[in-house]
Amino acid sequence: MSDASDYDLGMMLRALVMESNRFLEIFSAAHALHPTDMTALHLIMTAPLTPGTLAKALNLSASATTSVLDRLEKAGHVTRERDPDDRRRVELQVLDRATALAAAFFQPLAREYAAVWDEMSDADRQVVARFLVATTEATTRVRKAVS
């Protein structure tokens with residue numbers, strides 16, 4: 001694919017994003033989660049957050065973020081824990097049940113990815129890594145510029 005144009009790369013990337021979204025929709029539907037809930041859950045899983053930092057990351061109001069957290073808490077995915085050193089501060093925690101559900105669902109995809117990536121040379125993997133990092137950074141820059 002050395003002759004892939006910018007258009008070709010863009011279309012392939014969009015196809016990956018669309019297929020990933022379809023995959024996430026299956027998990028979301030099975031667990032009655034809104035797409036915003038899925039994004040929130042992912043963010044909480046990857047970094048310690050407070051409701052305020054989650055609101056900023058999701059670009060939601062405090063009340064909308066509370067609704068997201070209420071749904072996630074009701075579904076048994078997250079808890080809101082008071083910081084023992086500062087009772088005013090609330091930290092969001094992903095429950096083990098949610099982590100186990102996600103692992104069970106996403107591990108087949110991770111195994112399939114690993115099988116595909118194992119066929120790549122180290123040099124090819126480095127190119128893919130640079131592409132993904134640079135493309136994600138470009139997307140972030142444009143998202144910030146238009147929001």
Side-chain angles (χ1 to χ4, degrees), residues 1 4 6-120 124-125 127-147:
M1 302 255 17
D6 289 352
Y7 177 81
D8 294 334
L9 291 174
M11 292 304 289
M12 286 183 261
L13 186 59
R14 280 187 216 108
L16 173 60
V17 169
M18 292 299 296
E19 199 57 42
S20 296
N21 287 342
R22 288 180 184 144
F23 191 78
L24 287 173
E25 287 169 3
I26 295 167
F27 184 85
S28 297
H31 301 287
L33 295 172
H34 184 275
T36 303
D37 300 346
M38 286 294 298
T39 302
L41 191 54
H42 172 74
L43 290 168
I44 298 165
M45 284 180 152
T46 57
L49 295 175
T50 65
T53 55
L54 179 63
K56 283 184 181 180
L58 294 173
N59 197 30
L60 293 177
S61 67
S63 61
T65 302
T66 297
S67 294
V68 169
L69 290 173
D70 287 347
R71 288 191 302 269
L72 289 173
E73 198 167 42
K74 182 179 177 184
H77 297 301
V78 301
T79 61
R80 296 173 241 203
E81 303 288 331
R82 295 246 175 237
D83 184 329
D85 298 324
D86 181 354
R87 301 288 298 155
R88 297 168 296 171
R89 181 180 162 86
V90 174
E91 296 178 349
L92 304 173
Q93 303 291 325
V94 175
L95 295 171
D96 290 342
R97 174 187 178 276
T99 303
L101 280 172
F105 185 80
F106 290 100
Q107 280 179 353
L109 181 61
R111 284 191 297 271
E112 190 68 23
Y113 282 169
V116 170
W117 297 336
D118 280 347
E119 296 177 11
M120 294 181 179
D124 286 345
R125 289 172 69 104
V127 170
V128 170
R130 283 196 315 273
F131 169 80
L132 291 171
V133 168
T135 303
T136 301
E137 289 171 350
T139 303
T140 301
R141 284 192 303 274
V142 173
R143 174 184 52 80
K144 287 178 178 179
V146 299
S147 61

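Everything quoted here is computed from the prediction, not taken from an experiment.
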If you measure from NZ on Lys144 to OG1 on Thr139, what distance do you get to the nearest 0.5 Å? 12.0 Å
Taking atom CG as the centre, does Asp96 end up with more than 12 heavy-atom neighbours from other residues, nucleotides or ligands that are less than 6.0 angstrom away? no
Using the rule given for side-chain contact (heavy atoms from CB on, under 4.5 Å), can you reason through Thr99 versus Val94, listing the C-alpha separation, both sets of side-chain angles and the distance that settles it, and then say yes or no? CA-CA 7 Å; Thr99 303; Val94 175; 3.5 Å; yes
When rounded to the nearest 0.5 angstrom, what distance separates CG in Leu13 from CG in Asp8? 12.5 Å
Can you classify the ring geometry of His77 versus His31 as parallel (below 30°), tilted (30 to 60°) or perpendicular (above 60°)? perpendicular
Does Arg111 pair with Asp118 as a salt bridge, N-O distance under 4.0 Å? no
Can you list the steps and then say if His42 with Thr39 is a side-chain contact (heavy atoms from CB on, under 4.5 Å)? CA-CA 5 Å; His42 172 74; Thr39 302; 5.8 Å; no
Within the 4.5 Å heavy-atom criterion, are Asn21 and Met38 side-chain neighbours or not? no
Smallest separation among heavy atoms of Glu73 and Thr79, with atom names: OE2-CA, 3.9 Å
Considering non-hydrogen atoms only, spot the tightest contact between Leu43 and Ala57 and give its length. CD1-CB, 3.8 Å
Value for CD (Glu91) from CG (Asp86), rounded to nearest 0.5 Å, stands at 9.5 Å
Could you check whether any side-chain heavy atom of Leu33 comes within less than 4.5 Å of a side-chain heavy atom of Leu72, counting everything from C-beta outward? yes
Is any side-chain N of the basic residue among Arg22 and Glu19 closer than 4.0 Å to the acidic one's carboxylate O? yes
Minimum heavy-atom distance Ala55-Ser61, with the two atoms named: CB-O, 4.4 Å
Tell me, do Arg97 and Leu101 make a side-chain contact under 4.5 Å, heavy atoms counted? yes
Say you draw a straight line from CD of Glu112 to CH2 of Trp117; how long is it, rounded to the nearest 0.5 Å? 11.0 Å
When every non-hydrogen atom of Ala98 is compared with those of Met45, the smallest separation belongs to O-CE, 3.9 Å
Approximate separation, where rounding is to 0.5 Å, of Asn59 CG and Leu54 CG: 11.5 Å
When you compare the side chain of Asp70 with that of Arg80, does any pair of heavy atoms fall below 4.5 Å? yes
Heavy atoms only: give me the nearest Ser20-Tyr113 pair and the separation to one decimal. OG-OH, 4.3 Å
Does Thr53 use its side chain to pair, donor to acceptor, with the backbone of Leu49 at less than 3.5 Å? no
Return the CG to CE distance between Asp6 and Met11, rounded to the nearest 0.5 Å. 13.5 Å
Can Ile44 and Leu69 be said to form a side-chain contact (heavy atoms from CB on, under 4.5 Å), step by step? CA-CA 11 Å; Ile44 298 165; Leu69 290 173; 4.1 Å; yes
Do the non-hydrogen side-chain atoms of Glu81 and Val90 ever get within less than 4.5 Å of each other? no
Does Thr135 reach the main-chain N or O of Leu132 with its side chain, forming a donor-acceptor pair under 3.5 Å? no
How close do Arg88 and Arg82 get, heavy atom to heavy atom, and via which atoms? O-NH1, 3.8 Å
